[in-house]
Q: 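Input: one structure, supplied below.
As the structure is a computational prediction, the values presented were derived from the model and not from experiment. Only heavy atoms go into these numbers, but all of them, side chains included; no hydrogens, no water, no symmetry mates. For ligands, and for the atoms within them, numbers begin at 1 and follow the listed sequence.
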Amino acid sequence: MAQLWGGRFTKETDKAVYDFNASISFDKRFLKQDIQGSIAHATMLGNSGIITKKESEAIIDGLKGILSDVEAGKLEITSEYEDVHSFVEANLIDRIGDAGKKLHTGRSRNDQVALDMRLYCRDEISEIKALLINLLTSIHEKMKETTDVYMPGFTHMQKAQPVTFAHHIGAYMEMFKRDLGRMCDIYERMNYCPLGAGALAGTTYPLNREETATLLGFYGPTLNSMDSVSDRDYVIELLSALSTIMMHLSRFSEEIICWNSNEYRFIELDDAYSTGSSIMPQKKNPDIAELVRGKTGRVYGALMSILTTMKGIPLAYNKDMQEDKEVTFDAIDNVKNCIYLFTGMLNTMKLNKENMESSTMKGFANATDAADYLVRKGTPFRDAHGIIGKLVLYCIDKGCSIDDLSLTELQSISPSFEEDIYEAISLKECVEKRNTIGAPGPEAMKKVIEINEKYLSELS
Ligand code: ARG
């Protein structure tokens, strides 16, 4: 049991207490960030004359050595240390002797862990952004290929009006664009450096907080030392944004599961992204989409967990905050994995255009267009709505679609119908007429795709 704080104690910590208190099993993930932060701190201590330049250089060399030894598998982070901070400090002292004991001058584990968590979340945000950009690019490419692939648009899970596949997935394009925007917003707000806040009240050493902030790529130092060690808002914001990403992935997954079902057969998932059954030889299951949908609950759980942990703790640091890590790590790992796998699943799935189109033809998705046709012929909309309602009932009775009726049958319901009705309610017309921005019509889609093309090109 290697602890940093034995001095005022007369007894060894109880073993169960030690284990309960220790965080090394999970905060060893912070090794890179902890060393990055310590290098910045040591550089600043040396530049400010708080320690000598020689000591600062020895510390930095030692820290770099620890990182490369761990990365090379020559040094193991074991549970002998309470946390990653203790591991690094103890190893540094072993390596360079007394100079290593000066690293923690003007610093507490409270500002140290606050820094590590920020650096870690900041690194992860960059990775999540890259994964989202890949996903957006895939959706964009699919949109370009499918502006003329008709499919039914649904409300209440009932066929409503015809749309295109490009238009449908274009909805997710917008959602993931906002998700990416949220990642950028969080980054902007969190990118301030808590190092130098000390335990809670700053320090009496003449630390140069601007310097460490700049060295670590932050916009500047945080402005209140108590807030600096107590703030986990950015973790909550991040988990909230990750929950929203999962909610979007989950809805999309749910649709993919439906579309891939024997009933819909709108798409077929690639064999590489499907799984079989141990008993039913015919099965090809959409497990990846189901797992993405399932893991959403776990990410929501992480958000609820931190919100609850933070709600009752007074300023400043309390050990409760150690609980921020495991759930956040788990949420981040899962979200990254889900975006990655979902993108692969999307890239490899095949569209069954014929089935989508024939499904659009059935189920009266063109009923609104039939009513609009009568409006163009002078019938007030409310009356047209009633007439088409009757027509639908007639078709249900006969087991056919509106397009299957003869002109005489149509005219027996309204004399306003003429030969041009068939073209007016054809799938092509129904979609092609909808050209206000945001609608599925080809002109509108072309504009949106152009906007997205520009958006994506400006991201990289
Ligand atoms: N493992 C601790 C955490 O994650 C590090 C900070 C310890 N600070 C303290 N005052 N005990 O929060």
Side-chain angles (χ1 to χ4, degrees), residues 1-9 11-38 40-41 63 66 70 77-92 103-124 190 193-203 212 216 222 224-236 238-239 302 305-333:
M1 294 197 277
Q3 286 158 330
L4 298 172
W5 40 263
R8 67 98 65 218
F9 288 79
K11 263 189 185 177
E12 278 280 295
T13 317
D14 180 273
K15 173 77 171 76
V17 170
Y18 181 84
D19 291 344
F20 187 64
N21 192 50
S23 52
I24 189 102
S25 63
F26 49 88
D27 67 17
K28 61 181 174 193
R29 270 204 200 215
F30 283 159
L31 183 74
K32 194 181 114 218
Q33 288 82 7
D34 202 70
I35 287 184
Q36 191 188 357
S38 289
H41 186 64
L63 290 168
I66 294 172
V70 173
I77 308 181
T78 62
S79 58
E80 180 194 339
Y81 304 93
E82 182 187 338
D83 52 30
V84 69
H85 325 298
S86 318
F87 165 82
V88 171
E89 193 172 315
N91 270 280
L92 184 68
L103 169 62
H104 214 51
T105 313
R107 190 175 70 167
S108 154
R109 275 185 300 166
N110 296 354
D111 59 345
Q112 191 177 354
V113 78
L115 173 68
D116 290 1
M117 188 68 172
R118 262 182 214 238
L119 288 173
Y120 181 82
C121 289
R122 208 176 66 169
D123 291 346
E124 292 297 321
M190 70 174 279
C193 186
L195 191 62
L200 78 162
T203 75
T212 38
L216 292 164
T222 50
N224 180 291
S225 58
M226 292 181 86
D227 177 50
S228 310
V229 293
S230 311
D231 170 34
R232 296 293 182 275
D233 296 10
Y234 64 94
V235 179
I236 292 171
L238 178 57
L239 291 172
S305 162
I306 310 277
L307 278 170
T308 312
T309 299
M310 295 306 292
K311 80 176 254 300
I313 47 181
L315 298 181
Y317 179 83
N318 299 269
K319 191 72 172 207
D320 314 42
M321 278 188 259
Q322 180 166 289
E323 284 297 303
D324 62 356
K325 291 168 200 64
E326 285 158 289
V327 289
T328 305
F329 296 162
D330 182 74
I332 291 174
D333 290 349

Q: Tell me which one of Arg107, Gln33, Glu89 satisfies side chain to side chain donor-acceptor pair (under 3.5 Å) with Ser38.
A: Arg107

Q: Determine, for Tyr120 and Arg29, whether the Lys NZ or Arg CZ falls below 6.0 Å from the six-membered ring centre while staying within 45 degrees of the axis.
A: no

Q: What's the shortest distance from atom 7 (C) of ligand 1 to any protein heavy atom, and which residue and atom give it?
A: Tyr317 OH, 3.7 Å

Q: Check whether any side-chain heavy atom of Ile77 lies under 4.5 Å from a side-chain heavy atom of Ile24, and answer yes or no.
A: yes

Q: Heavy atom of Lys325 under 4.0 Å from ligand 1?
A: yes

Q: Does an N or O anywhere in His85 fall below 3.5 Å from an N or O of ligand 1?
A: no

Q: Could you tell me, atom by atom, which parts of ligand 1 come under 4.0 Å of a heavy atom of Ser23?
A: 1 (N)

Q: For atom 10 (N) of ligand 1, what is the nearest protein heavy atom, given as residue, atom name and distance?
A: Asn110 OD1, 3.0 Å

Q: For a 4.5 angstrom cut-off between non-hydrogen side-chain atoms, does Phe87 reach Asp34?
A: no

Q: List the residues meeting side-chain contact (heavy atoms from CB on, under 4.5 Å) with Thr328, not counting sequence neighbours, and say none if there are none.
A: Met117, Val235, Leu239, Ile306, Ile332

Q: Show the atoms of ligand 1 that are less than 4.0 angstrom away from any heavy atom in Gln322.
A: 1 (N), 2 (C), 3 (C), 4 (O), 12 (O)

